**Q** 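Encoded as structure tokens, here's the structure I'll be asking about.
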Amino acid sequence: MVEKIEYSMRAKRSLGQNFLVDGNYVSKIVNAVHPEKDEVVIEIGPGRGALTRELLERGAKVLAIELDRELVPKLRDDHGLTGRFIVVEADASEADLRELIDQFYPGTPKAKLVANLPYYISTAILQHLSAERHCLSKLVLMFQREVVERITAKPGSSERGYLTVLVEAAFAVERLFDVPPEAFRPRPKIWSSVVRLIPKAQSSADGDAFRRFLSSGFSQKRKTIANNLKRSYPEAAVALADACIDPKRRAETLELSEWLRLYDAIAVHPKP
Ligand code: SAM
């Protein structure tokens, strides 16, 4: 049965507001989150609360982060009385998740996270969530389909780039299902896709230095990895040889393990 959820308030295009109105997809997303009773789930951008409502019905404790201050009072009115709902007005791409969990649900080692995210914030939020992942056990994220194609692109695919490797270094990624434009109001032009991310343990790839290295490696898609890296890393040629990577390869052909090997090889070489 397809349940349509109707709303009257106007959506803000500048905040990427396309609200989920198809109950079947709401359930599919919440099934993927699979909240246990009293488990803490962080929801980024609850909007008009389609996912929030179902999370609460299934017994989760919800910690929502919403940037649109006009939506916050209604969310509090609708769900505040459950005693299992907190909404903070903040930009999720800057929020300190550990601090928020400790403030509102102290004693919670890890939370799950769910979000239906606008396109304009996808890179910033994925970078931020990679850095904040140690307080999370699972993330279920919906993006515009092309973003999911980018973050799940295999070595050799032209879609593979900085964001793909950054996400692979931080999470085990699984694409779950696609969502058609008809599932939203207002209706977007494009399809969306849902992915599940399971955080990986801390590694040498955490931190800004690895991001700068990756961004340098992918700086010009047509050039070889050696050419891209040599300006910022004069030791790149030696490091490529140490890591047994052909300097003529293009960045998009490298697997995550090769990026990590190359990064470690660069780190052990003193700058010439
Ligand atoms: N989760 C709701 C749903 O599925 O119907 C709303 C999804 S809508 C695509 C995106 C939501 O994220 C909106 O409510 C928007 O106001 C909010 N949002 C946009 N940028 C944000 C940010 N930087 N931090 C927190 N929320 C944000």
Side-chain angles (χ1 to χ4, degrees), residues 2-33 35 41-58 60 62-79 85-97 99-101 104 111-132 136 139-148 176-195:
V2 178
E3 181 197 344
K4 291 280 181 204
I5 305 159
E6 295 301 337
Y7 294 104
S8 54
M9 274 189 293
R10 267 183 57 183
K12 295 189 181 109
R13 199 186 284 238
S14 62
L15 290 177
Q17 292 181 348
N18 297 98
F19 299 106
L20 203 49
V21 293
D22 185 325
N24 278 345
Y25 285 103
V26 170
S27 295
K28 278 184 92 165
I29 292 169
V30 176
N31 286 345
V33 177
V41 179
I42 298 175
E43 186 186 359
I44 297 178
R48 292 168 180 173
L51 295 167
T52 320
R53 201 166 298 113
E54 182 130 352
L55 287 166
L56 290 167
E57 277 169 16
R58 301 222 199 157
V62 176
L63 170 46
I65 305 171
E66 174 57 63
L67 186 59
D68 185 350
R69 64 168 51 183
E70 287 180 27
L71 293 175
V72 170
K74 172 96 169 80
L75 285 160
R76 282 204 183 107
D77 281 356
D78 287 351
H79 308 296
F85 177 74
I86 297 288
V87 56
V88 290
E89 187 194 314
D91 180 342
S93 65
E94 293 174 356
D96 182 331
L97 300 185
E99 204 173 285
L100 287 174
I101 295 171
F104 294 109
K112 289 178 175 168
L113 185 143
V114 65
N116 163 16
L117 291 162
Y119 181 73
Y120 80 94
I121 201 184
S122 42
T123 300
I125 207 90
L126 277 166
Q127 289 192 151
H128 186 63
L129 293 176
S130 304
E132 298 272 312
L136 303 172
L139 300 84
V140 175
L141 305 176
M142 176 149 66
F143 292 107
Q144 192 166 314
R145 189 160 65 181
E146 79 171 74
V147 173
V148 168
L176 297 181
F177 53 88
D178 291 347
V179 185
E182 304 78 63
F184 303 90
R185 292 287 179 282
R187 196 176 146 155
K189 291 198 179 70
I190 33 79
W191 280 64
S192 298
S193 294
V194 177
V195 278

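The model shown is predicted, which means the values in this text are computed figures rather than measured ones. When a ligand or atom number is given, it counts from 1 through the structure's own listing order.
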**Q** Kindly confirm or rule out an N or O of Gln17 lying under 3.5 angstrom from an N or O of ligand 1.
**A**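 Yes: some nitrogen or oxygen of Gln17 is under 3.5 Å from one in ligand 1.
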**Q** Closer than 3.5 angstrom, by distance alone: can the side chain of Arg185 be matched with the main-chain N or O of Leu20 as a donor-acceptor pair?
**A**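 Not a single qualifying donor-acceptor pair exists.
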**Q** With heavy atoms only and a cut-off of under 4.0 Å, state how Ala90 meets ligand 1: side chain, backbone, both or neither.
**A** backbone
**Q** Suppose we screen for side chain to side chain donor-acceptor pair (under 3.5 Å). Which residues come up paired with Asn31, at least two apart in sequence or across chains?
**A** Arg58
**Q** Would you find a donor on one side and an acceptor on the other, under 3.5 Å apart, between the side chain of Lys112 and the backbone of Val41?
**A** no
**Q** So for Glu94, does at least one of its heavy atoms come nearer than 4.0 angstrom to any atom of ligand 1?
**A**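 Glu94: no contact with ligand 1 (<4.0 Å).
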**Q** Nearest protein heavy-atom contact for atom 9 (C) of ligand 1: which residue, which atom, what distance?
**A**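 The closest one turns out to be Gly16 O, 3.1 Å.
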**Q** Nearest non-hydrogen contact with atom 24 (N) of ligand 1 belongs to which option: Ala92, Ala95, Ala124?
**A**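 Residue with the shortest heavy-atom distance to the ligand atom: Ala92.
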**Q** Ignoring hydrogens, just give me the one of Leu51, Leu20, Val114, Asp91 whose non-hydrogen atom is nearest atom 23 (N) of ligand 1.
**A**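 Going through Leu51, Leu20, Val114, Asp91 one by one, Asp91 has the nearest heavy atom to atom 23 (N) of ligand 1.
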**Q** Which residue and atom name correspond to the protein heavy atom nearest atom 7 (C) of ligand 1, and how close is it?
**A**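 Answer for atom 7 (C) of ligand 1: Asn116 ND2, 3.3 Å.
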**Q** Could you tell me which atoms of ligand 1, counted from 1 in the order shown, lie closer than 4.0 angstrom to a heavy atom of Leu15?
**A** 15 (C), 16 (O), 19 (C)
**Q** Please step through side-chain contact (heavy atoms from CB on, under 4.5 Å) for the pair Leu113 and Ile44, ending with a clear verdict.
**A** CA-CA 8 Å; Leu113 185 143; Ile44 297 178; 4.0 Å; yes
**Q** Side chain, backbone, both or neither: which part of Met142 has a heavy atom under 4.0 Å from ligand 1?
**A**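 Looking at Met142 and ligand 1, no heavy atom falls under 4.0 Å.
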**Q** Is there any N or O on Tyr120 that sits under 3.5 Å from an N or O of ligand 1?
**A** yes
**Q** How close does the nearest protein non-hydrogen atom get to atom 26 (N) of ligand 1, and which residue and atom is it?
**A**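 Going atom by atom, the protein heavy atom closest to atom 26 (N) of ligand 1 ends up being Leu67 N, 3.3 Å.
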**Q** Hey, are the side chains of Glu70 and Lys12 touching, using non-hydrogen atoms and a 4.5 Å cut-off?
**A** yes
**Q** Yes or no on side-chain contact (heavy atoms from CB on, under 4.5 Å) for Ser27 and Glu54, after CA distance, side-chain angles and deciding distance?
**A** CA-CA 7 Å; Ser27 295; Glu54 182 130 352; 3.1 Å; yes
**Q** Of the protein's non-hydrogen atoms, which lies at the shortest distance from atom 12 (O) of ligand 1, and what is that distance?
**A** Gly45 CA, 3.3 Å
**Q** In Å and rounded to the nearest 0.5 Å, what is the NZ to CD distance from Lys74 to Glu66?
**A**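 The NZ atom of Lys74 sits 13.5 Å away from the CD atom of Glu66.
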**Q** Looking only at the side chains, is there a donor atom on one of Glu43 and Thr52 sitting less than 3.5 Å from an acceptor on the other?
**A** yes
**Q** When you look for heavy atoms under 4.0 Å from ligand 1, do you find them on the side chain of Ile121, its backbone, both, or neither?
**A**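 Ile121 to ligand 1: side-chain contact only, backbone stays beyond 4.0 Å.
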**Q** State the atoms of ligand 1, each with its element, that fall below the 4.0 Å cut-off from a heavy-atom position in Glu43.
**A** 1 (N)
**Q** Donor-acceptor check, side chain of Asn18 to backbone of Pro186, threshold 3.5 angstrom: yes or no?
**A** yes
**Q** Could you walk me through whether Phe143 and Leu126 pass the side-chain contact (heavy atoms from CB on, under 4.5 Å) check?
**A** CA-CA 11 Å; Phe143 292 107; Leu126 277 166; 3.8 Å; yes
**Q** Looking only at protein heavy atoms, which one is nearest to atom 15 (C) of ligand 1, and what is the separation?
**A**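 Of the protein heavy atoms, Glu66 OE2, 3.4 Å lies nearest.
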